[in-house]
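Computed from a predicted model, the values in this text were never measured in an experiment. In this chain, residues are counted from 1 in sequence order. Numbering of ligands and ligand atoms starts at 1, following listing order.
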Amino acid sequence: MADVTVTEFLLFHQKKSPHATGKFTGLLYDLILSCKTISRRINKAGLLDILGGTGVINVQGEAVQKIDDLANSIMIYRMERSGAMCAMSSEENPDLIRIGPEFPRGDYIMIFDPLDGSSNMDVNINIGTIFSIYRRPEGCTGEVRLEEVLRKGENQVAAGYCLYGPSTMLVLSTGQGVHGFTLDPGVGEFLLSHPDMKIPEQGWIYSCNEGYREKWDAAARECCEHFHKAPSSKGGAYSARYVGSLVADFHRTLIYGGIYMYPPYKGRPEGKLRLMCEANPLAFLAEQAGGAATDGHMRILEKVPTQLHSRTPLFIGSKKDVEAVGEIYRKHAAD
Ligand code: AHM
Ligand code: MG
């Protein structure tokens with residue numbers, strides 16, 4: 001098993017998927033190449049002048065790190081040349097990224113966070129690239145319109161992330177389960193290391209920034225208290241873990257189970273996380289792995305984005321743990 005490459009895996013699975021065409025496999029190949037390039041630059045971060053901020057504040061009102069900028073340019077450069085895209089959207093760009101007339105165009109739209117958790121970069125903690133892929137709606141031609149992009153997450157044809165940690169891992173779903181690949185730096189290839197990943201039905205870890213507790217509403221506070229008191233899958237109390245890189249916190253949740261929570265709080269009524277480039281791709285993976293994702297009131301994948309950078313509260317992970325949150329929110333809505 002250790003020597004099945006991601007390309008071999010995709011070519012084999014392409015035969016089974018109604019969406020997968022040569023173009024789609026080519027798109028994934030270029031995406032993987034972008035992630036490998038980012039991984040390589042990150043490995044050298046302490047040696048090059050790419051740590052720290054650029055001094056620029058992005059569309060989200062957040063400080064842009066040099067490494068965010070670099071990862072964003074790598075993704076855009078590679079993907080606009082892939083021949084598979086008709087538009088893209090990045091967490092770092094306020095507007096849709098259109099594919100210039102000098103490049104061949106395809107039918108796919110990719111929405112991505114080039115470097116999630118980048119504020120952790122300066123302290124050498126795991127970060128990652130998160131991506132979400134859609135096919136252009138049937139019958140649409142010409143310049144891509146915003147409405148073609150603002151679609152529910154359940155329309156994604158693929159989603160995943162690349163985690164830059166002790167090893168670099170690619171976790172991917174094309175709608176047929178979730179599969180994990182680990183980069184062998186010696187040969188520069190991702191090898192299948194985690195086939196058919198499944199989130200345990202219940203976990204033993206809850207993950208949230210409890211520093212915001214006083215700003216949360218009563219429902220969010222009760223969710224957290226639930227995980228303080230309820231028995232975990234191990235019978236004892238839940239443990240708390242919070243990296244502060246969504247992609248890393250999600251990766252742990254995918255493997256060990258449990259729940260990641262980012263509720264809304266005073267001053268941020270929709271929470272902090274972005275629906276299209278963060279919540280949707282991870283919700284797609286969670287569901288494909290047998291887990292669930294909600295904003296407390298509805299399934300993340302059914303939410304209609306109103307703008308490219310719409311935000312959403314997020315509760316994601318093991319089915320039973322996410323259901324417990326849903327029940328608490330229902331009770332509060334009825335009060
Ligand atoms: P980013 O995409 O700008 O890195 O921001 C999103 C990050 C997530 O990775 C992480 O879960 C969250 O912000 C942490 O936020 P907070 O510091 O409010 O807990
Ligand atoms: Mg992010």
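The distance from ligand 1 to the heavy atoms of Ser118 drops below 4.0 Å at these ligand atoms: 4 (O). Under a 4.0 Å criterion applied to the non-hydrogen atoms of Glu278, ligand 1 contributes the atoms 2 (O), 6 (C). Applying the 4.0 Å criterion to heavy atoms of Tyr262 picks out, from ligand 1, the atoms 15 (O), 16 (P), 18 (O), 19 (O). Near Tyr260, the atoms of ligand 1 lying under 4.0 angstrom from a non-hydrogen atom of the residue are 11 (O).
Residue-to-ligand polar distances keep Tyr265 apart from ligand 1: every N/O pair is separated by 3.5 Å or more.
Note on Asp68 versus Lys66: no salt bridge recorded, every NZ/NE/NH1/NH2 to OD/OE distance being 4.0 Å or above. Electrostatic pairing of Glu225 and Arg213 counts as a salt bridge here, judged by a charged N lying under 4.0 Å from a carboxylate O. Using a 4.0 Å cut-off between charged side-chain N and carboxylate O, Arg105 and Glu143 make a salt bridge. The residues Glu214 and Lys266 are annotated as not salt-bridged, no charged nitrogen and carboxylate oxygen being separated by less than 4.0 angstrom.
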* Please step through side-chain contact (heavy atoms from CB on, under 4.5 Å) for the pair Ile111 and Tyr134, ending with a clear verdict. => CA-CA 8 Å; Ile111 300 158; Tyr134 291 76; 3.7 Å; yes
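The distance between the ring centers of Tyr238 and Phe227 falls below 6.0 angstrom.
The parts of Leu246 lying near ligand 1 are both backbone and side chain, judged by heavy-atom distances below 4.0 Å. Contacts of Asp249 with ligand 1, taken as heavy-atom pairs under 4.0 Å, are absent altogether. Counting heavy atoms under 4.0 Å from ligand 1, residue Phe250 does not touch it at all.
Tyr206 and His226 share no donor-acceptor pair across their side chains, judged by distance under 3.5 Å alone.
More than 12 heavy atoms of other shown residues, nucleotides or ligands fall within 6.0 angstrom of atom CZ in Phe9. For Lys23, the NZ atom sits in a packed shell: over 12 heavy atoms of surrounding residues, nucleotides or ligands are nearer than 6.0 Å. With a 6.0 Å radius and a threshold of 12 heavy atoms from other residues, nucleotides or ligands, Asn124 has its CG atom at or below the threshold.
In terms of protein heavy-atom proximity, atom 6 (C) of ligand 1 is nearest to Arg274 NH2, 3.5 Å. In this structure, the protein non-hydrogen atom closest to atom 10 (C) of ligand 1 is Gly244 O, 3.2 Å. Nearest to atom 15 (O) of ligand 1 among the protein's heavy atoms is Lys272 NZ, 3.0 Å. With respect to atom 14 (C) of ligand 1, the closest heavy atom belonging to the protein is Tyr242 OH, 3.3 Å. From the protein, the heavy atom lying nearest to atom 3 (O) of ligand 1 is Glu91 OE2, 3.4 Å.
For the pair OD2 of Asp113 and OE2 of Glu278, the angle whose vertex sits at the Mg ion (ligand 2) is 100° to 10 degrees.
At least one heavy atom of Gly117 sits closer than 4.0 Å to an atom of ligand 1.
Minimum-distance N/O/S atom of Asp116 relative to the Mg ion (ligand 2): OD1.
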